[in-house]
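Hydrogens, waters and symmetry mates are skipped; everything else that's a heavy atom, side chains included, is used.
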Protein chains: 2
Amino acid sequence: MISREGGIACYQQLSGILHKQIEEGEFRPGKQLPTETELSRRYKLNRHTIRQAIGRLQSEGLVYTIKGKGTFVANSKISYKVSRKTRFTTSVLDVGLSPDARLLDSYEISAGSELSRKLNIKSSDKVVVLEILRFVNKIPFCHTTSFLSSDRFPDIQAHIKGSFSLYELLKKHYGIEAMRASSSFEVSLPESSDMDMLQISSKVPVLIVKSTSKNSKGDIVEYCITRFRGDLCSITVNFNGEGR
Amino acid sequence: MISREGGIACYQQLSGILHKQIEEGEFRPGKQLPTETELSRRYKLNRHTIRQAIGRLQSEGLVYTIKGKGTFVANSKISYKVSRKTRFTTSVLDVGLSPDARLLDSYEISAGSELSRKLNIKSSDKVVVLEILRFVNKIPFCHTTSFLSSDRFPDIQAHIKGSFSLYELLKKHYGIEAMRASSSFEVSLPESSDMDMLQISSKVPVLIVKSTSKNSKGDIVEYCITRFRGDLCSITVNFNGEGR
DNA sequence: GAGTGGTCTAGACCACTTA
DNA sequence: AAGTGGTCTAGACCACTCT
């Protein structure tokens, strides 16, 4: 099965083999992969070499491992849609899944140089920070840190505790319809806080999306940083204003 | 420096330390990091543990390694901008860097089921495939595979060899102004072809962007898949039609 | 030839899950 | 208690770069 010659590393070959087997349905989503010791025996490779191969599959989002239990085949990625006007809840409902959210924390800070630029306010101005963890089908999906000017949204901390859709709240309480103006996409690896909150290992990449929202007049309403589980989603951006 | 207790893995601690040192400018971009054996001595850790730590930094795009030479601190990410009307060349020039492109291959295939859906043509229709490798400052940056209907763009293979801007070509020869309609973003790890073309190791993630372009009437003009080096770029999407 | 990173092996101990 | 994945060590050989 595994060739020692040919210059292709054993772990690359093995991850290729497993990748193919998963793609072809030999291992179904949710099913356990053979254990590391079993694969080690079967392919006559050291357990560490097996682990290198499985590490790749983890980073690709093809499998996930649970300590003490085993390695399992992942479900296919969730196609998460984003346009000028989209909210998490509707996007997730659209693809037939069930969304959920939890407000982890809310507090106030001074803007400082970077946030003052992002929000177009003075650096001494106060900023409300909201940390929200969002779930799809009870699985942690992304972690959002939102920044809003305290002056423009007084008492938002009190209001947010009741409702979980920030956009609904802005509309109802402040009469503002927020629209996405720009978003940047970047890849990284999880920090320890990401690993805890999103329940992923250090090998699973995170997709970092930094977005600015404006109101209909073009004033900046919100700046937010969302960290998505890279193994769970692909994000589709729609450039035609309206459509989802 | 490294604590054996506290439950945090040594390699996590070390990658944290190095991360911080790089961020704080102790190691400048382009400079070589201490070698693995040196770090092994300095932190009293096995070379494999050192390698785990460095592997993380590689995936984060903070450092890159050259076999036989060493590990070096990477430059900061290139902020690549994308909007409804953007071309690679102008985007790169905008940030003061020098773009370049090479046509790797061009050939014709039958659409098949997936492409026929993407391009809104019959599955028996012919499709022209263009493979283009793009560079920023002589460094491979992304690899694009473009799909266009052969019927709608006769002789495009002959034309493309002269000019490298596909959008220019569509405009000049076919009188079509292509606009980005939607793009999906996804993270993965490089396949062996990616590693060769983009000159990256297996640890550096790739950012996969799949885009559909339409003409002013709303007909689909092009479907393309671009694989960006995840260590080199962050991609900014602008939702206001015009702006870059 | 000396030094670098890339791969593989062998063996150990740990924390966690399951039964 | 047995089995799982997570981490660390020690030692080996390779291909590559530099001189």
Are the side chain of A:S110 and the backbone of A:G112 linked by a donor-acceptor contact shorter than 3.5 Å? no
Assign the ring pair A:F147 / A:Y223 to parallel, tilted or perpendicular, where the plane angle (0 to 90°) is split at 30° and 60°. parallel
Parallel, tilted or perpendicular: which one describes the rings of B:F88 and B:F141, with boundaries at 30° and 60°?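 B:F88 and B:F141: tilted rings.
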Min and max contacting nt of DNA chain D in 5' to 3' order, chain B heavy atoms within under 4.0 angstrom, are D:dT7 to D:dC18
Show every side chain to side chain donor-acceptor pair (under 3.5 Å) that has at least one partner inside residues 190-199 of chain A, sequence neighbours left out. A:D194-A:R227
What residues, two or more places apart in sequence or in another chain, satisfy salt bridge (Lys or Arg N to Asp or Glu O under 4.0 Å) together with [X]?
X      : answer
B:R180 : none
B:R117 : none
B:E186 : A:K77
B:E168 : B:R87

Residues which pass ring pair (Phe, Tyr, Trp, His ring centres under 6.0 Å) with B:F185, listed by chain and number, not counting sequence neighbours: A:F185
Can you list everything that forms a side chain to side chain contact (heavy atoms under 4.5 Å, CB included) with B:C224? Sequence neighbours excluded, please.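 Checked B:C224 against side chain to side chain contact (heavy atoms under 4.5 Å, CB included); matches are B:T144, B:S146, B:S211, B:E222, B:T226.
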Taking the side chain as everything from C-beta on, heavy atoms only, tell me whether B:V206 gets closer than 4.5 Å to B:I200. yes
Let's see if you get this right: which residues in residues 47-59 of chain A place a heavy atom under 4.0 Å from DNA chain D? A:R47, A:H48, A:R51
Only pairs under 3.5 Å count here: list side-chain donor-acceptor contacts from residues 58-76 of chain B, not counting sequence neighbours, and write none if there are none.
unit_1: B:Q58; atom_1: OE1; unit_2: B:S201; atom_2: OG; d: 3.1
unit_1: B:S59; atom_1: OG; unit_2: B:G55; atom_2: O; d: 3.3
unit_1: B:S59; atom_1: OG; unit_2: B:K203; atom_2: O; d: 2.7

Net bend of the helix from C:dG1-D:dC18 to C:dT18-D:dA1, end axes of five pairs each, nearest 10 degrees: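 The end axes of the helix from C:dG1-D:dC18 to C:dT18-D:dA1 are about 0° apart, to the nearest 10°.
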Have a look at A:S201 and say if it touches a base, only the backbone sugar-phosphate, or nothing, with a 4.0 Å heavy-atom cut-off. nothing
Interface with DNA chain C, restricted to residues 62-77 of chain A and to heavy atoms under 4.0 Å: A:K67, A:G68, A:K69
